[in-house]
Amino acid sequence: MRLKKLLIASLAASAVVLSATAVPASAAPAPKSYKNCTELNKVYPHGVGKKGARDKTSGKPVTTFRVDNTLYSYNDGGARHWGEYDLDRDNDGIACEKR
């Protein structure tokens with residue numbers, strides 16, 4: 001009888017932990033390929049870059065871009081996704097960077 005109570009308590013505790021850590025599928029929006037920089041900058045004002053990217057510029061580099069490898073890959077022109085556009089024209093790892 002004691003083993004049965006212990007097993008039930010253990011299963012209940014596991015269910016609570018699992019339900020607290022589960023992330024719904026709708027929590028993270030799917031990456032989007034934007035048609036041009038004007039559209040991308042409406043959502044991400046300073047652009048989107050991959051981790052470790054550095055802005056190629058002779059002036060002050062942009063450092064406030066959104067870091068997201070997946071989102072960048074949908075907008076870098078690598079033709080990996082249907083309808084993808086090349087929004088990283090200087091190929092520095094940041095699409096549509098601006099201050």
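In this structure, L40 and N36 have side chains that are not in contact, with every pair of non-hydrogen atoms separated by 4.5 Å or more. Taking the side chain as every heavy atom from C-beta outward, Y34 and Y44 approach each other to under 4.5 Å.
Taking CD1 of I94 as the start and OG1 of T57 as the end, the distance is 10.0 Å to the nearest 0.5 Å.
Identified under the salt bridge (Lys or Arg N to Asp or Glu O under 4.0 Å) test for residues 89-99, with sequence neighbours left out: none. Identified under the salt bridge (Lys or Arg N to Asp or Glu O under 4.0 Å) test for residues 47-57, with sequence neighbours left out: none. Within the structure, salt bridge (Lys or Arg N to Asp or Glu O under 4.0 Å) contacts touching residues 31-42 (residues at least two apart or in different chains) are E39-K42.
Between the side chain of D76 and the backbone N or O of D88, no donor-acceptor pair lies under 3.5 Å. A donor-acceptor contact shorter than 3.5 Å links the side chain of N41 to the backbone of C96.
Residues V67 and Y74 do not share a hydrophobic cluster, defined by chaining ILVMFWY side chains whose heavy atoms lie under 4.5 Å apart.
Closest approach of A53 and G93 over heavy atoms only: CB-O, 3.4 Å.
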Donor-acceptor pairs are to be reported for all side-chain atoms of residues 58-65 against protein atoms at under 3.5 Å, with residues two or more places apart or in another chain.
residue : atom : partner : partner atom : Å
T64     : OG1  : H46     : ND1          : 3.3

